[in-house]
Enquirer: 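Below are the structure tokens for one structure; questions will follow.
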Amino acid sequence: MSGGQEPEDGSIANTRWQRTLEVLSVIGPPLTVATALLVYFGWARTDAQAKAMGLDVSLFGYTVQDFILRSIQSLFQPLAWLVVIGLLWVMLDRAVSRLLEAGRHRKPVHRTATIVMFLGFAYAAAMWIAISARPGQIVLYAPFLIAGGLVVGAWGLSVRRRAMPPPGQPLRITSRALERSLVFVLVTLLLFWGTSDYAQALGRGAALDYQERSSLLPTAVVYSKERLAVTAPNVREESAGSEAAPLYRYTGLRLLVVSGGRIFLLNDGWSLARGRVVVLQDDGSVRVEYGNPASD
């Protein structure tokens, strides 16, 4: 009696383990791609913003976690829409699968899937040709539209095969796995491409936003025992000490960010054309007092 129970329990455990692996294989790659997109998006956005401000992104000393945190706010809504679309697609695919398993409407599903396949691939090809006709010009969202066309076309092809399997020997699993892998890699590359263009546009927009709203940044007053010789516009140097104990005070500055052991400050009335970014070491050699911009 006990000898017959062990194989049954073992088969149940193996089935559960197999299902767990299947779920992880489905969820794992999207999570990996999403994390990589967050990091890359944060870096591309910060890099474009730094270049627009006349800086290099390496000066800020951001970590991978910093890039992820800087990208979540901008990517939250697009990722939410992506998840909603993914859930709707999964529900539609399950409904089609149940319809095919019941053996009903196979021919209409096959015809519809064929139309969806051709429309998806044709749309992706048309968008690719449109981008190729404009070399060097950024067309926002175009890579995302190409990726969407490829996904729709590949799904139509999958439904078409399930609706009317070809006679004779079926397609090998290895061939389908290679086909799905190539589509996955191509869609991932397109997502990185589109993310780069979108992030750079947001980064340049953030730099322009600093130009228009620099007065809303926290005020910063710098105290230093040594003369800093800050030559940025609207920055005033005052003596706040004595000959025996010299102390210099610098006003007319705004806090940009504190990162990588450095303090980044903008001058009052900062602009992309004439503004300066003052970089100080955050090592205790200077003292900075921050204030509410509304108190000016």
Side-chain angles (χ1 to χ4, degrees), residues 38-79 140 195-241 247-296:
L38 286 174
V39 176
Y40 185 71
F41 183 91
W43 175 86
R45 182 180 184 274
T46 307
D47 181 64
Q49 177 183 335
K51 288 180 179 179
M53 300 176 70
L55 300 173
D56 189 88
V57 67
S58 61
L59 292 175
F60 294 96
Y62 288 134
T63 62
V64 172
Q65 183 178 1
D66 293 329
F67 287 131
I68 293 178
L69 292 176
R70 291 175 67 85
S71 65
I72 287 178
Q73 183 178 4
S74 301
L75 277 181
F76 179 79
Q77 187 172 358
L79 287 177
L140 284 180
T195 300
S196 177
D197 292 344
Y198 181 56
Q200 290 176 12
L202 286 184
R204 291 188 291 268
L208 290 173
D209 188 62
Y210 279 127
Q211 176 177 264
E212 298 174 358
R213 306 178 62 184
S214 60
S215 60
L216 299 180
L217 295 175
T219 60
V221 180
V222 179
Y223 293 88
S224 175
K225 294 182 180 180
E226 298 182 359
R227 195 169 186 177
L228 300 178
V230 178
T231 60
N234 300 325
V235 177
R236 296 171 296 278
E237 179 186 276
E238 303 172 354
S239 178
L247 182 65
Y248 298 93
R249 179 173 60 193
Y250 296 88
T251 59
L253 294 167
R254 303 278 174 168
L255 174 65
L256 176 62
V257 69
V258 178
S259 178
R262 297 181 179 91
I263 305 173
F264 297 84
L265 305 170
L266 302 179
N267 59 284
D268 278 341
W270 183 89
S271 64
L272 293 175
R274 297 182 300 275
R276 298 289 185 273
V277 179
V278 180
V279 184
L280 303 176
Q281 292 293 331
D282 190 15
D283 55 1
S285 59
V286 296
R287 181 169 61 90
V288 185
E289 294 181 354
Y290 304 107
N292 189 341
S295 63
D296 287 357

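Side-chain atoms are counted along with the backbone in the values below, which use heavy atoms only and exclude waters and symmetry mates.
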Enquirer: Below 4.5 Å, heavy atoms only, C-beta onward: do Asp282 and Val258 meet side chain to side chain?
Expert: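 In contact.
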Enquirer: Nearest 0.5 Å please: distance from the CG atom of Leu266 over to the OG atom of Ser215.
Expert: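 Reported to 0.5 Å precision, the distance equals 11.5 Å.
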Enquirer: How far apart are the closest heavy atoms of Gly42 and Ser71, and which atoms are they?
Expert: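 Shortest heavy-atom contact: N-CB, 3.6 Å.
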Enquirer: Using a distance-only test with no angle check, is there a side-chain donor-acceptor pair under 3.5 angstrom linking Tyr250 and Arg236?
Expert: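 Per modelled atom types, Tyr250 and Arg236 side chains form no pair under 3.5 Å.
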Enquirer: Think Arg249 forms a cation-pi with Tyr223, using NZ or CZ under 6.0 Å from the six-ring centre and within 45 degrees of its axis?
Expert: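 Arg249 over Tyr223 ring: no.
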Enquirer: Would Glu237 and Arg227 count as a side chain to side chain contact (heavy atoms under 4.5 Å, CB included) here? Give the steps.
Expert: CA-CA 9 Å; Glu237 179 186 276; Arg227 195 169 186 177; 3.0 Å; yes
Enquirer: Side-chain contact, heavy-atom cut-off 4.5 Å: Tyr290 with Val221?
Expert: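 Contact flag for Tyr290/Val221 side chains = no.
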Enquirer: Taking the side chain as everything from C-beta on, heavy atoms only, tell me whether Leu265 gets closer than 4.5 Å to Arg254.
Expert: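 Heavy-atom side-chain distance check fails, nothing below 4.5 Å.
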Enquirer: Distance check, rounded to the nearest 0.5 Å: Thr251 atom OG1 versus Asn234 atom CG?
Expert: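 Those atoms lie 10.0 Å apart.
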Enquirer: With rounding to the nearest 0.5 angstrom, report the CG to CZ distance, Leu59 to Phe264.
Expert: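 Leu59 atom CG to Phe264 atom CZ measures 5.5 Å (nearest 0.5 Å).
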Enquirer: Parallel, tilted or perpendicular: which describes the rings of Phe67 and Tyr62, with under 30° parallel and over 60° perpendicular?
Expert: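 Perpendicular.
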Enquirer: Say whether Ser285 and Gln281, considering side chains only, have a donor N or O and an acceptor N or O under 3.5 Å apart.
Expert: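 There is no such pair between these side chains.
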Enquirer: Nearest 0.5 angstrom please: Thr46 OG1 to Phe60 CZ, how far?
Expert: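 It is 8.0 Å, given to the nearest 0.5 Å.
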Enquirer: Side-chain polar contacts of residues 271-279 - donor-acceptor pairs under 3.5 angstrom, sequence neighbours left out - could you list them?
Expert:
| from | atom 1 | to | atom 2 | distance (Å) |
| --- | --- | --- | --- | --- |
| Ser271 | OG | Arg274 | N | 3.2 |
| Arg276 | NH1 | Arg274 | O | 3.2 |

Enquirer: Tell me, do Ile68 and Gln65 make a side-chain contact under 4.5 Å, heavy atoms counted?
Expert: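 Ile68 does not reach Gln65 side chain to side chain.
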Enquirer: For Asp66, which residues count as a salt bridge (Lys or Arg N to Asp or Glu O under 4.0 Å) partner, sequence neighbours excluded?
Expert: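 Asp66 satisfies salt bridge (Lys or Arg N to Asp or Glu O under 4.0 Å) with no residue once adjacent residues are dropped.
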Enquirer: So, taking the atom named OG in Ser196 and the one named CZ in Arg45, what distance separates them when rounded to the nearest 0.5 Å?
Expert: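 Here the interatomic distance stands at 13.5 Å.
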Enquirer: State, with a plain yes or no, whether a side-chain heavy atom of Tyr210 is found less than 4.5 Å away from one of Leu217.
Expert: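 With C-beta onward as the side chain, the pair touches.
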Enquirer: Go through it in stages, so that I can follow the logic: the residues are Arg70 and Gln49, the test is side chain to side chain contact (heavy atoms under 4.5 Å, CB included), and I'd like the CA-CA distance, side-chain angles, deciding distance and then a yes or no.
Expert: CA-CA 12 Å; Arg70 291 175 67 85; Gln49 177 183 335; 3.7 Å; yes
Enquirer: How close do Ala232 and Asn267 get, counting heavy atoms only, and between which atoms?
Expert: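 That would be CB-CB, 3.9 Å.
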Enquirer: Can you establish whether the number of heavy atoms outside Glu238 located under 6.0 Å from its atom CD is more than 12?
Expert: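 It does: Glu238 CD has more than 12 such atoms within range.
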Enquirer: When rounded to the nearest 0.5 angstrom, what is the spacing between CG in Leu253 and OG1 in Thr219?
Expert: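 The OG1 atom of Thr219 is 9.5 Å from CG of Leu253, to the nearest 0.5 Å.
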Enquirer: If every non-hydrogen atom of Leu256 is compared with every non-hydrogen atom of Met53, which pair is closest and at what distance?
Expert: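 Smallest interatomic distance, heavy atoms only, reads CD2-CE, 3.9 Å.
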